[in-house]
Amino acid sequence: EKGGYEHFMMKEIHEQPKAVKDTLNSYIKGEGEQKVIDLADVGLGEEEIKEIEQIYVVACGSAWHVGMASQYVIEDLADIPVRVELASEFRYRKLPVNGKGLVIIVSQSGETADSLEALRLAKQKGLKTLAIVNVVGSSIAREADHVMYTFAGPEIAVATTKAYSTQLICGYLLAVQFAKVRGLIDDEKYDYYLEELLALPEKIEKILSDKERIQWFASKFSNAHDIFFIGRGLDYAISLEGSLKMKEISYIHSEAYAAGELKHGTISLIENGTLLIGVLTQKQLYEKTVSNMTECKSRGAYLMGLTTYGHYEIEDHADFVVYIPKADEHFAGSLAVIPLQLLGYYTSVAKGLDVDKPRNLAKSVTVE
Ligand code: BG6
């Protein structure tokens, strides 16, 4: 049942190229330059898309991290203000509604209690709702106005990998389509984004083929007390997910920080040998984050850099570097997250922990 892998998590990590491809192929229709994103199954029409004035992405855990990443992509491409909310917080706020809003609920299981209640609240407030869900026929899928399924297949490991990756894809597809419908990108740019999206599965495959290097690195740091992940913009969103993967299955305390914020607090926790991982896929933010990394190095941190092939000058600063293939920067998170999933996985394995069923955690949380 684990397909020859030792754990479901590793099997599911390896299923990502296919899961991503299946999700892309479910919404991208047509051949060659005739390819288009088709949201007919989602039921989100052009008029409805044009009317959106504000988007809320509401979710828990890793699904909330998808919201954080989607926020950057939707705002950048489609120019619609996006707020990302934890479902357990969104539910208990006043939530003044001005104008036409779309609430996107992201949930693998479609049963998370807080996310379901947040959906109900949004509907009561008269907001349109769209659910990005993996489990067909789940409560959230049944109650939302629109459903965009992820095609990840069943996910068994508590720590999500392929569901997260397919949710990200849905976020990108919405961003690109919203941008197109609202007249913000021309056909050429649209085709380019579709090609970049369709190229992701192969690039994920390539990263997976080099996993032994991450395994080696994980074994070096499996006794760490704290690990820090930093990045700016989309790289911050990916840092959040990398940090959660690490702490939930390896039980090593870790934090994700917006790179510029570290010096306002957490830098005091950096000691000799503390591992600090800098995520560097956004060209415009690269230098700034590198300078935050070197600030930490001068306080004793051991630096791992995660960047794209070509940025070889990072080796002047970082002690260990992982390179990922180049992709359009909006979608680079889909690649950057893979080594971070592997790092969490191999650290947990090196410590002899129960990778698929970490203590105190459940796959689907139906209590509030
Ligand atoms: C959790 C899971 O507690 O619930 C996470 O351990 C998940 O992996 C979160 O991201 C939200 O679950 P769902 O099913 O709503 O995506």
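Quantities reported herein were computed from a predicted structural model and do not represent experimental measurements. Quick note: numbers below take in every heavy atom, side chains included, and nothing from hydrogens, waters or symmetry partners. Counting convention: from 1, in listed order, for ligands and their atoms alike.
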* Asked: With under 30° as parallel and over 60° as perpendicular, where do the rings of Y286 and H311 fit, or are they tilted in between?
  -> parallel
* In the protein, what heavy atom is nearest to atom 9 (C) of ligand 1, and what distance, to one decimal place, separates them? -> C60 O, 3.8 Å
* Considering only heavy atoms of S107, which atoms of ligand 1 have at least one such atom less than 4.0 Å away? -> 13 (P), 14 (O), 15 (O), 16 (O)
* In terms of heavy-atom contacts, does NZ of K247 have more than 12 from other residues, nucleotides or ligands at under 6.0 Å? -> yes
* Residue pair L306, L340: steps toward the side-chain contact (heavy atoms from CB on, under 4.5 Å) verdict -> CA-CA 9 Å; L306 175 55; L340 301 182; 3.8 Å; yes
* Does an N or O from S109, backbone or side chain, lie closer than 3.5 Å to an N or O of ligand 1? -> yes
* Give yes if a backbone or side-chain nitrogen or oxygen of S62 is under 3.5 Å from a nitrogen or oxygen of ligand 1, and no if not. => yes
* To do: Look at atom 12 (O) of ligand 1 and say which protein heavy atom is nearest, naming residue and atom and giving the distance to 0.1 Å.
  => T112 OG1, 3.3 Å
* To do: List the steps, then state whether side-chain contact (heavy atoms from CB on, under 4.5 Å) holds for N25 with L198.
  => CA-CA 8 Å; N25 289 341; L198 290 164; 4.0 Å; yes
* For atom 16 (O) of ligand 1, the protein heavy atom that lies nearest, with its residue and separation -> Q108 N, 2.7 Å
* **Reported OH-to-NE2 distance for the pair Y236 and H65, which is rounded to 0.5 angstrom** => 8.0 Å
* Structure fact -> Any heavy atom of A163 under 4.0 Å from ligand 1? The part involved is neither
* Asked: Are any of the N or O atoms of K363 closer than 3.5 Å to those of ligand 1?
  -> no
* To do: Please confirm whether S364 comes under 4.0 Å of ligand 1, counting heavy atoms of the residue only.
  => no
* Asked: If we ignore angles and hydrogens, is there a donor and acceptor under 3.5 Å between the side chains of T161 and Q16?
  -> no
* Asked: Is it true that L361 lies under 4.0 Å from ligand 1, counting heavy atoms only?
  -> no
* To do: Examine Q167 against ligand 1 and note whether any of their N/O atoms are separated by less than 3.5 Å.
  => no
* To do: For the residue pair F151 and Y149, categorise the inter-ring angle as parallel (less than 30°), tilted (30 to 60°) or perpendicular (more than 60°).
  => perpendicular
* Which word best sums up how the rings of F331 and Y172 line up, parallel for under 30°, tilted for 30 to 60°, or perpendicular for over 60°? -> tilted
* Closest by any non-hydrogen atom to atom 1 (C) of ligand 1: pick that one out of A113, A59, G61, A362. => A362
* When the ring planes of W216 and F320 are compared, do they come out parallel, tilted or perpendicular, using 30° and 60° as the limits? -> tilted
* For T160, counting its heavy atoms only, list the atoms of ligand 1 lying under 4.0 Å from any of them. => 8 (O)
* Is atom NZ of K283 surrounded by more than 12 heavy atoms (other residues, nucleotides or ligands) closer than 6.0 Å? -> no
* Which ligand 1 atoms, with their elements, are less than 4.0 angstrom from a heavy-atom of V158? -> 6 (O), 8 (O)
* To do: Look at atom 3 (O) of ligand 1 and say which protein heavy atom is nearest, naming residue and atom and giving the distance to 0.1 Å.
  => V365 CG2, 3.4 Å
